[in-house]
Amino acid sequence: QNPELAFREHKTGELLACELAGLNLPLRRNLALTGCRADLSCATSGPAVAILGEMDALLLPEHPAADPSTGAAHACGHHTQCANLIGAAIGLTAVPEVSRDLSGSIAFIAVPAEEHHETAHYEGLGLKHTSGKQQMIHDGVFDDIDLAMMVHAGHGTFTVSGFNGFVLKTVVFKGKAAHAGLHPEHGVNALSMARLALAAVDAQRDTFRDDDAVRIHGVITNGGDALNIVPPHVELSLQIRAKTPSAIREAAAKVDRSMHAAALALGGAVAITSEQGYMPFRSCTALEQIHEQNLQALDPEAKFTNYGHRPSSTDMGDISVIIPSLHAYSDGSTGKPHQIDFRVTDPERAYIRPAKLLAMNVIDLLYGDAARGREAAALPVEFTREQYLEMTATPVTK
């Protein structure tokens with residue numbers, strides 16, 4: 001009922017914090033501004049499993065359920081994740097045998113800001129990162145977590161093998177102003193640089209490997225100030241997505257090369273600021289298998305499918321490159337994600353069953369001496385946490 005945009009989920013954060021505190025769990029508030037974390041410790045030591053729930057809504061003022069004052073709407077189903085998070089916490093704290101018969105701990109983490117916005121959205125927030133999970137990683141919220149899982153709203157019970165990661169680029173072409181009718185020869189056209197640069201990017205698209213799932217897209221955010229003046233200043237915002245960190249770097253290098261070549265060709269200059277976006281997501285097969293077994297235990301007719309790689313992106317990728325992770329989907333919704341027809345139509349399948357599945361997954365991972373959890377936690381990941389922190393510390397300006 002209260003959709004809120006990234007890092008502004010104040011009502012949602014307070015609601016979830018109150019629910020978790022009401023379960024008599026130790027609680028940390030105001031993580032990455034609006035998030036929180038509650039922990040349930042088991043009788044003996046073992047892995048720490050995190051259940052995540054994303055809190056933010058989309059900017060989609062055309063949606064029938066949008067907040068008229070902000071344009072925010074839950075057209076991606078993050079509100080179902082909040083229900084899943086709280087439902088799992090209720091189930092796992094309601095039975096004393098849970099903490100007695102398990103080894104390890106369970107962290108219930110409400111996470112802000114999965115959806116990405118334009119740069120102006122984050123001004124004045126005092127954050128280093130534009131993603132809630134990235135900010136929480138850098139703030140140490142995930143330092144003691146060994147496994148992570150969440151269930152996203154969708155149209156079926158499935159997972160994906162991975163999502164693309166991305167980098168963001170702000171490109172500023174610098175030319176020279178002149179009267180476009182009287183003396184265009186005295187000017188250096190920054191808009192022509194931008195057009196040439198984008199054409200150069202397009203000319204290289206057949207050099208991208210199909211397996212890398214490269215996507216390059218963006219907008220001209222400033223194309224000049226007056227019709228009769230040769231534009232001296234033009235800005236682009238570009239997003240470069242790909243399946244692996246190396247593929248992102250290769251595609252980004254081609255974009256940079258195209259920008260510099262266009263500026264050189266027209267006698268101007270260019271400044272490129274690169275911002276680390278989201279890391280590519282990699283699913284943990286061991287967690288998928290446990291989730292599928294529990295889904296079939298609840299509903300023998302249900303089918304759990306891996307749909308392969310998706311070229312879209314999520315900041316769950318940043319978790320998955322340092323912690324074995326599950327990003328499953330639930331059914332119970334209709335319409336297309338991020339569009340005005342998306343809505344929950346089956347509360348049982350959207351809210352209740354995923355909460356049960358998350359709780360069941362935790363029990364299977366931590367039961368007894370947590371053998372399955374220890375095995376999954378030992379699986380290889382892309383980076384150490386130190387490597388990740390170094391890679392994502394600051395933007396790189398060229």
Side-chain angles (χ1 to χ4, degrees), residues 1-4 9 12-13 15-20 22-23 25 34-40 49-57 74-95 98 106-115 132-133 136 145 147-160 281 283-284 287-288 290-295 297-299 302 304 314-316 319-320 325-334 337 342-366:
Q1 300 302 313
N2 293 290
E4 298 169 297
E9 311 94 338
T12 305
L15 173 64
L16 297 180
C18 290
E19 291 288 341
L20 292 169
L23 298 174
L25 296 173
T34 58
C36 62
R37 171 177 165 172
D39 290 273
L40 174 62
V49 181
I51 297 176
L52 276 56
E54 297 166 347
M55 302 192 299
D56 59 325
H74 276 301
C76 196
H78 290 181
H79 62 303
T80 71
Q81 296 181 34
C82 296
N84 302 160
L85 175 72
I86 297 301
I90 290 171
L92 289 166
T93 55
V95 183
V98 168
I106 309 158
F108 305 98
I109 306 178
V111 186
E114 190 273 337
E115 305 292 350
K133 297 184 190 67
M136 283 186 165
I145 299 299
L147 297 162
M149 63 180 74
M150 58 171 281
V151 177
H152 198 291
H155 303 138
T157 49
F158 65 93
T159 187
V160 296
F281 175 80
S283 185
C284 175
L287 296 180
E288 288 180 12
I290 291 173
H291 189 81
E292 180 176 16
Q293 291 165 2
N294 286 323
L295 175 63
L298 286 178
D299 182 359
F304 187 69
T314 170
D315 66 348
M316 191 65 177
I319 301 294
S320 76
S325 301
L326 174 72
H327 186 287
Y329 282 84
S330 64
D331 52 7
S333 302
T334 59
F342 182 89
R343 56 185 47 81
V344 170
T345 52
D346 189 330
E348 173 68 27
R349 289 179 179 271
Y351 303 130
I352 306 302
R353 188 164 74 175
K356 293 179 180 180
L357 287 169
L358 290 166
M360 294 167 76
N361 293 348
V362 167
I363 290 171
D364 284 345
L365 288 164
L366 301 184

message = Nearest 0.5 angstrom please: Asn84 CG to Ile51 CD1, how far?
response = 9.5 Å
task = Output, in order, the C-alpha distance, side-chain angles, deciding distance and verdict of side chain to side chain contact (heavy atoms under 4.5 Å, CB included) for Met136 and Leu52.
result = CA-CA 12 Å; Met136 283 186 165; Leu52 276 56; over 6 Å; no
key: Which atom of Ser333 lies closest to which atom of Val344, heavy atoms considered   = OG-CG2, 3.9 Å
task = Go through Leu16 and Phe108 one step at a time and tell me if the side chain to side chain contact (heavy atoms under 4.5 Å, CB included) criterion holds.
result = CA-CA 10 Å; Leu16 297 180; Phe108 305 98; over 6 Å; no
request  = Apply side chain to side chain contact (heavy atoms under 4.5 Å, CB included) to Ile363 and Leu92, showing your working.
outcome  = CA-CA 9 Å; Ile363 290 171; Leu92 289 166; 4.0 Å; yes
ask   = How far apart are the closest heavy atoms of Gly132 and Val111, and which atoms are they?
value = C-CG1, 3.9 Å
key: Thr93: side chain to side chain donor-acceptor pair (under 3.5 Å) partners, not counting sequence neighbours   = none
ask   = Which atoms form the tightest heavy-atom contact between Leu287 and Ala148, and what is the distance?
value = CD1-O, 3.9 Å
key: Distance-minimising heavy-atom pair for Ala153 and Cys76   = CB-O, 4.1 Å
message = Please check: side-chain N/O of Asn361 versus main-chain N/O of Glu288, any donor-acceptor pairing under 3.5 Å?
response = no
ask   = Listed by chain and number, what are the side-chain contact (heavy atoms from CB on, under 4.5 Å) partners of Glu4, not counting sequence neighbours?
value = Glu9, His10, Lys11, Thr12
task = Identify, with sequence neighbours excluded, every residue that meets side chain to side chain donor-acceptor pair (under 3.5 Å) alongside Asp364.
result = Asn294
inquiry  = Quick test of your reading: applying side chain to side chain donor-acceptor pair (under 3.5 Å), list the pairs with at least one residue in residues 149-159, sequence neighbours left out, ordered by first then second residue.
reply    = none
query = Who are the side chain to side chain donor-acceptor pair (under 3.5 Å) partners of Thr80, not counting sequence neighbours?
reply = none
query = For the residue pair Cys82 and Glu54, what are the closest heavy atoms and their distance?
reply = SG-O, 3.4 Å
inquiry  = I'd like to know whether His327 forms a side chain to side chain contact (heavy atoms under 4.5 Å, CB included) with Met150, so could you lay out the CA-CA distance, the side-chain angles of the two residues, the decisive distance to 0.1 Å, and finally the verdict.
reply    = CA-CA 5 Å; His327 186 287; Met150 58 171 281; 3.7 Å; yes
message = By the salt bridge (Lys or Arg N to Asp or Glu O under 4.0 Å) test, which pairs, at least two apart or in different chains, include something from residues 351-363?
response = Asp299-Arg353, Asp331-Arg353
note = Heavy-atom nearest pair, Arg349 first then Ser330, reads O-CB, 3.8 Å
inquiry  = Can you confirm whether Gln1 is buried at CD, in the sense that more than 12 heavy atoms of other residues, nucleotides or ligands lie under 6.0 Å from that atom?
reply    = no
